[in-house]
Amino acid sequence: MQIDQHRIEAGNGSLTATHQRRLQFLRQEIPHTEDIISKLTAFQVAIPSWALGTGGTRFGRFPGGGEPRSLEEKLEDIGLLHALNRGSGAVSLHIPWDIPSNAAHIRAVASQLGLAFDAMNSNTFQDQPGQEHSYKFGSLAHTDKHTRQQAIAHNLEVIQYGRDLGSKALTIWLSDGSCFPGQLNFRRAFDHALESFGEIYQALPDDWKLLIEYKAYEPNFYSTTVGDWGQSLLYTSKLGPKAFTLVDLGHHLPNANIEQIVALLLREGKLGGFHFNDSRYGDDDLTVGSIRPYQLFLIFNELIDGMDARHMQHATDMGWMIDASHNVKDPLEDLLQSVEAIRIAYAQALLVDREQLTAAQNNHDTVLAQEILQNAFRTDVRPLIAEARLRAGGALDPLAVFRQTKVREQLVRERGKTAIATGL
């Protein structure tokens, strides 16, 4: 289904006067509102194809009905989100969960919905039907060369799918590792992974990026072959200028200073992408900004500072994507909330007076430095985000329009109460 533009405009009608009043107040307080609105309009967050259905845990999964049964229906759902918030104009596909068997058709469907294809994601953490070699004890870092070659071949296949769709990046999350001491030789595992990454890297088109994701644990709990940002940085530094580290906000041990990690990776020119989510304990994959909104703001503060120092374009020189699991919420509502939280943190970070902050740091004025950051964080920037949506044809209140138009109920009628998203 698609949301008619007149329904969005009708939903905006009753909110316009209040919105304009709040926007005018911010304009009086913030001198560069137009610059912020312009940056917000250009800033797009990619929606992963696996996030359109209900998530779950090893204990159970409770689908709510009306989930997308095909890649085309997943694109329709992302098109719905983008029509409402005008900030979800990209798709990140996971292979083999969402193989585009007819790439020209899929690309045309996406184009009609105003969507482009962001980074492709490979999967060597699961065995697929008919697979010759098992990944139970690893894939790209496996002790057996034939298993490694099978995993390499899969990644090369994913690159080809991406080329057909117009993508420009491949993300690899490697689950290889060990559960018990002595199970794995760490140095040889590193060397095997580096050799495999190298073959994949050599197959990349010249204008592509290879994004290497890291994770401290799970599914292996004693060691992970790409277990932290330092290990990812080692790989990407050895591979070459097209290789970058990808940061997933949930892939850190408790109390890790993610904003410092971001700053150092940017300094090295090796930060290539982000997976946004939130967590309380570990890789919880919760709604972005639902648990630690101040940390999200601090991360964006470092992102903007570091990207500006390198003269990078915020909207295009970094891959921005959500990676969350919607276990108890409607997936589409959850994604609307996540995109909103990301744009709020981005806009708040754009408020920071860099010259004033630098002066406070150089003068060791710790109190003033804290005040500068917290004043930006405590500013309600939602009118700026709403204005960016409005100018692009979106809804002033996307979630309200979603519920008023009974999107989920219509999807259930079209697809059925038992429809479960493909892939997961």
Side-chain angles (χ1 to χ4, degrees), residues 1-12 40-53 66-121 158 160-169 207 315-316 319-322 330-336 338-339 343 388-396 398-399 401-402 404-416 419 421-423:
M1 67 165 289
Q2 297 185 33
I3 294 181
D4 294 331
Q5 188 63 29
H6 77 271
R7 292 195 174 188
I8 294 176
E9 293 171 358
N12 290 342
L40 285 166
T41 302
F43 191 86
Q44 298 292 314
V45 181
I47 305 297
S49 59
W50 63 87
L52 285 310
E67 296 186 5
R69 301 161 296 181
S70 65
L71 179 51
E72 288 87 347
E73 290 185 351
K74 289 183 177 183
L75 294 177
E76 288 177 11
D77 283 4
I78 298 173
L80 283 170
L81 296 174
H82 188 51
L84 290 168
N85 64 23
R86 293 299 171 183
S88 307
V91 185
S92 188
L93 289 189
H94 186 288
I95 307 296
W97 292 348
D98 293 296
I99 293 177
S101 55
N102 185 335
H105 167 66
I106 293 299
R107 196 168 181 174
V109 171
S111 179
Q112 290 171 1
L113 297 168
L115 306 175
F117 287 93
D118 206 278
M120 305 293 291
N121 301 266
V158 174
Q160 186 55 54
Y161 284 128
R163 295 181 71 167
D164 294 340
L165 294 171
S167 174
K168 297 293 183 182
D207 57 347
T316 57
W320 312 106
M321 195 188 84
I322 293 171
D330 182 303
L332 296 181
E333 291 190 341
D334 192 305
L335 289 166
L336 286 172
S338 286
V339 173
R343 298 177 95 185
R389 281 197 303 266
L390 184 65
R391 293 184 186 183
L396 285 172
L399 189 57
V401 175
F402 181 91
Q404 289 164 5
T405 55
K406 300 185 182 301
V407 171
R408 180 54 61 185
E409 289 87 338
Q410 292 187 59
L411 291 174
V412 169
R413 284 197 296 271
E414 291 178 10
R415 301 170 183 173
T422 57

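Values below: every heavy atom of this structure, side chains too, minus hydrogens, waters and symmetry copies. Throughout, numbering of the chain's residues begins at 1 and tracks the sequence.
Of the possible donor and acceptor atoms, one in the side chain of N12 sits under 3.5 Å from a partner among the backbone N and O of L396. A donor-acceptor contact shorter than 3.5 Å is absent between the side chain of D4 and the backbone of H6. E72 contributes no side-chain N or O that, together with a main-chain N or O of V109, makes up a donor-acceptor pair within less than 3.5 Å. K74 places no side-chain N or O within donor-acceptor distance of the main-chain N or O of P68, the cut-off being under 3.5 Å. Proximity of a side-chain donor or acceptor of Q44 to a complementary backbone N or O of A90 within less than 3.5 Å is not detected. In this structure a side-chain-to-backbone donor-acceptor pair under 3.5 Å is missing from R69 to A419.
Not counting sequence neighbours, the partners of F43 by the ring-ring contact (aromatic ring centres under 6.0 Å, His included) test are W320, Y346.
Minimum interatomic distance between L411 and M1 (heavy atoms only, all atoms of both residues): CD2-CG, 3.6 Å. Of all the heavy atoms in I322 and S338, the pair that sits closest is CD1-CB, 3.7 Å. When all heavy atoms of R343 and L40 are compared, the closest pair comes out as NH2-O, 2.9 Å. The nearest pair of heavy atoms linking G53 to A421 is CA-CB, 3.6 Å. Here the closest non-hydrogen pair linking A110 and L75 is N-CD1, 4.2 Å. Looking at every heavy atom in both residues, G11 comes nearest to V401 through CA-CG2, 4.5 Å.
Distance check, rounded to the nearest 0.5 Å: CZ of F117 to CD1 of I106 gives 6.5 Å. Here CE of M120 is found 12.5 Å from CZ of R163. Values are rounded to the nearest 0.5 Å. For the atom pair L113 CG and L81 CG, the distance stands at 11.0 Å (nearest 0.5 Å). To the nearest 0.5 Å, atoms CG (L93) and CD1 (I47) are separated by 12.5 Å. We find the OG-CD1 distance between S49 and I99 to be 11.0 Å, quoted to the nearest 0.5 Å. Between the CG atom in L52 and the CG atom in D98 there is a gap of 8.5 Å [rounded to 0.5 Å].
Sequence neighbours left out, the pairs with a member in residues 75-95 that pass salt bridge (charged side-chain N to carboxylate O under 4.0 Å, His left out) are E76-R415, D77-R415. Pairs of residues two or more places apart, or lying in two chains, never qualify as salt bridge (charged side-chain N to carboxylate O under 4.0 Å, His left out) while including a residue from residues 107-118.
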L115 vs H82, side chain to side chain contact (heavy atoms under 4.5 Å, CB included): CA-CA, chis, key distance, verdict: CA-CA 8 Å; L115 306 175; H82 188 51; 4.1 Å; yes
E409/V412 under side chain to side chain contact (heavy atoms under 4.5 Å, CB included): CA gap, chis, key distance, verdict: CA-CA 5 Å; E409 289 87 338; V412 169; 5.7 Å; no
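Within the 4.5 Å cutoff, the side chain of P100 has heavy atoms near those of the I95 side chain.
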